[in-house]
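This structure is a prediction, so every number in the text was calculated from the model and none was measured.
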Amino acid sequence: MAKRVAVVLAGCGVFDGSEIHEASAVLVHLSREGAQAEIYAPNIPQMHVVDHVKGQPSAEQRNVLVESARIARGNIKDLAKLDVKGLDALIIPGGFGVAKNLSTWATQGKNCSVSKEVEGVLRAFHTARKPIGLCCISPVLAAKIFPGCEVTVGHDTECEQWPYAKTAEAMKELGCRHVNSQVTEVHVDTRNRLVTTSAFMCNAPIHDIHDGIGKMVREVLRLA
């Protein structure tokens with residue numbers, strides 16, 4: 001029987017929603033492994049809307065669920081309807097929407113809060129001992145909710161290849177263990193059943209990011 005995996009999105013677009021290439025890679029690899037993806041997003045307003053040509057916020061207002069439906073091709077459910085009992089695993093792709101719409105990491109860093117709905121979903125899978133896959137910036141959600149967990153967002157020393165490495169330092173301050181890794185690698189926290197990979201936290205060719213996400217998906221399914 002096909003494993004059923006919840007994929008939680010945070011909008012549509014790297015700067016204000018889910019990173020589209022990461023979300024697509026998750027769905028492609030789940031399909032390749034014979035798993036069934038069930039896509040969810042919170043029915044809430046976006047923190048703001050970014051013009052992806054100019055890289056600047058615009059005056060528009062958009063809804064996270066409605067925008068996420070663009071990636072899901074309309075086959076999406078309100079996150080409030082997610083029932084962990086019928087699912088085998090959870091995956092959350094990255095993108096600034098994770099730090100803006102699913103949490104307040106973008107504005108508050110380690111002092112952020114995670115939305116109650118998203119925290120409830122993460123805790124439900126964690127309590128049920130069902131695996132959770134997180135890539136790019138989304139491991140910050142686990143760092144905030146599960147003290148002492150092990151995750152990776154790539155490297156902890158900032159450079160041209162790793163422009164967001166300060167994220168790792170902030171996560172360490174929350175009490176989690178950050179494990180340096182390459183973009184094509186994953187880290188598995190067996191105690192917490194967390195699988196993380198850096199994805200676009202790294203300036204890397206898109207095929208390397210795709211491959212790293214593939215490893216994350218396979219590890220999540222192996223644990224499910």
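No more than 12 heavy atoms of other residues, nucleotides or ligands shown are found within 6.0 angstrom of CG on Asn75. Shown here is Arg129, whose CZ atom has more than 12 heavy atoms of other residues, nucleotides or ligands within 6.0 Å.
With Asn63 contributing its side chain and Val66 its backbone, the two residues share a donor-acceptor pair below 3.5 Å. Listed for the Ser181 side chain is no donor-acceptor partner under 3.5 Å among the backbone atoms of Thr152. Remark: the backbone N or O of Leu134 is not paired with any side-chain donor or acceptor of Ser138 at under 3.5 angstrom. Checking side-chain atoms of Lys3 against main-chain N and O of Ala224 turns up a donor-acceptor pair under 3.5 Å. Ser115 contributes a side-chain N or O that, together with a main-chain N or O of Val118, makes up a donor-acceptor pair within less than 3.5 Å. With hydrogens and angles ignored, the 3.5 Å screen pairs a side-chain donor or acceptor of Asn101 with a backbone N or O of Met47. Of the possible polar contacts, one joining the Asn180 side chain to the Asp156 backbone as a donor-acceptor pair under 3.5 Å is found. Between the side chain of Arg4 and the backbone N or O of Gly86, at least one donor-acceptor pair lies under 3.5 Å. Of the possible polar contacts, one joining the Asp189 side chain to the Glu150 backbone as a donor-acceptor pair under 3.5 Å is found. The closest donor-acceptor contact from the side chain of His52 to the backbone of Val50 lies under 3.5 Å.
Here Lys110 contributes atom NZ and Thr167 contributes atom OG1; the two are 13.5 Å apart, rounded to the nearest 0.5 Å. Note that CD of Glu173 is 9.0 Å distant from CG of Asn111, once rounded to the nearest 0.5 Å. Interatomic distance, Cys159 SG to Asn203 CG, rounded to the nearest 0.5 Å: 8.5 Å. Note: Thr197 OG1 to Glu22 CD = 9.0 Å, rounded to the nearest 0.5 Å.
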Apply side-chain contact (heavy atoms from CB on, under 4.5 Å) to Ile206 and His21, showing your working.
CA-CA 8 Å; Ile206 194 167; His21 297 291; 3.5 Å; yes
Could you walk me through whether Arg123 and Ile145 pass the side-chain contact (heavy atoms from CB on, under 4.5 Å) check?
CA-CA 8 Å; Arg123 289 192 182 281; Ile145 297 172; 3.5 Å; yes
Should Leu122 and Ile132 be marked as a side-chain contact (heavy atoms from CB on, under 4.5 Å) after you check the CA-CA gap, both sets of side-chain angles, and the distance that decides it?
CA-CA 8 Å; Leu122 283 162; Ile132 299 169; 4.0 Å; yes
Report the C-alpha distance between Glu67 and Arg70 in whole Å, list the side-chain angles of each, state the deciding distance to 0.1 Å, and finish with yes or no for salt bridge (charged side-chain N to carboxylate O under 4.0 Å, His left out).
CA-CA 6 Å; Glu67 291 302 298; Arg70 294 176 180 272; 3.2 Å; yes
Would Ile20 and Val14 count as a side-chain contact (heavy atoms from CB on, under 4.5 Å) if you check the C-alpha gap in whole Å, the side-chain angles of each, and the deciding distance to 0.1 Å?
CA-CA 7 Å; Ile20 296 170; Val14 58; over 6 Å; no
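Across Phe15 and Phe96, no two heavy atoms sit closer than the pair O-CB, 3.4 Å. The two residues Cys136 and Gly94 have their closest heavy-atom pair at CB-CA, 3.8 Å. Considering all non-hydrogen atoms of both residues, His48 and Gln46 come closest at O-NE2, 3.0 Å. In terms of heavy atoms, Trp105 sits closest to Ile137 at NE1-CD1, 4.2 Å. The two atoms that bring Cys149 and Ala142 nearest to each other are SG-O, 3.6 Å, heavy atoms only. Heavy-atom minimum distance, Ala37 versus Leu30: CB-CD1, 3.9 Å.
Residues Met171 and Val114 are members of one and the same hydrophobic cluster, defined by side-chain heavy-atom contacts under 4.5 angstrom among Ile, Leu, Val, Met, Phe, Trp and Tyr. Under a hydrophobic clustering in which Ile, Leu, Val, Met, Phe, Trp and Tyr are joined whenever their side-chain heavy atoms come within less than 4.5 Å, directly or via other members, Val64 and Leu79 fall into different clusters. In the hydrophobic cluster analysis, where Ile, Leu, Val, Met, Phe, Trp and Tyr join through side-chain heavy atoms closer than 4.5 angstrom, Leu221 is grouped together with Ile213. Linking Ile, Leu, Val, Met, Phe, Trp and Tyr residues whenever their side-chain heavy atoms come within less than 4.5 Å places Met216 and Ile71 in a single cluster. A continuous path of Ile, Leu, Val, Met, Phe, Trp and Tyr side chains, each step under 4.5 Å between heavy atoms, connects Leu9 with Leu65, placing both in one hydrophobic cluster.
Residues Arg218 and Lys215 are in side-chain contact: their nearest non-hydrogen atoms beyond the backbone lie under 4.5 Å apart. Counting heavy atoms from C-beta on, the side chains of His178 and Val153 come closer than 4.5 Å. Between Val186 and Thr196 the shortest side-chain heavy-atom distance does not fall below 4.5 Å. Using a 4.5 Å heavy-atom threshold, the side chains of Lys144 and Leu174 count as touching. Glu158 has its side chain within reach of Lys166: a pair of non-hydrogen atoms, C-beta onward, lies under 4.5 Å apart. Residues Gln182 and Asp208 form no side-chain contact, since every pair of their non-hydrogen atoms from C-beta on lies 4.5 Å or further apart. Inter-residue side-chain proximity for Arg177 and Val179 is flagged as met; some heavy-atom pair is nearer than 4.5 Å. Between Pro93 and Glu19, every side-chain heavy-atom pair lies at or beyond the 4.5 Å cut-off.
Sequence neighbours left out, the pairs with a member in residues 143-166 that pass ring pair (Phe, Tyr, Trp, His ring centres under 6.0 Å) are His126-Phe146, His155-Trp162.
A salt bridge is absent between Arg62 and Asp16; no separation between the charged side-chain nitrogens and carboxylate oxygens falls under 4.0 Å. Under the 4.0 Å criterion applied to side-chain N and carboxylate O atoms, Arg222 and Glu219 are assigned as salt-bridge partners. Taking a cutoff of 4.0 Å between a charged side-chain nitrogen and a carboxylate oxygen, Glu169 and Lys172 qualify as a salt bridge.
Between His210 and His29, the ring centre distance stays below 6.0 Å.
Remark: of the listed residues Asp78, Val121, Leu90, Leu87, Leu87 is the sole one forming a side chain to side chain contact (heavy atoms under 4.5 Å, CB included) with Tyr40.
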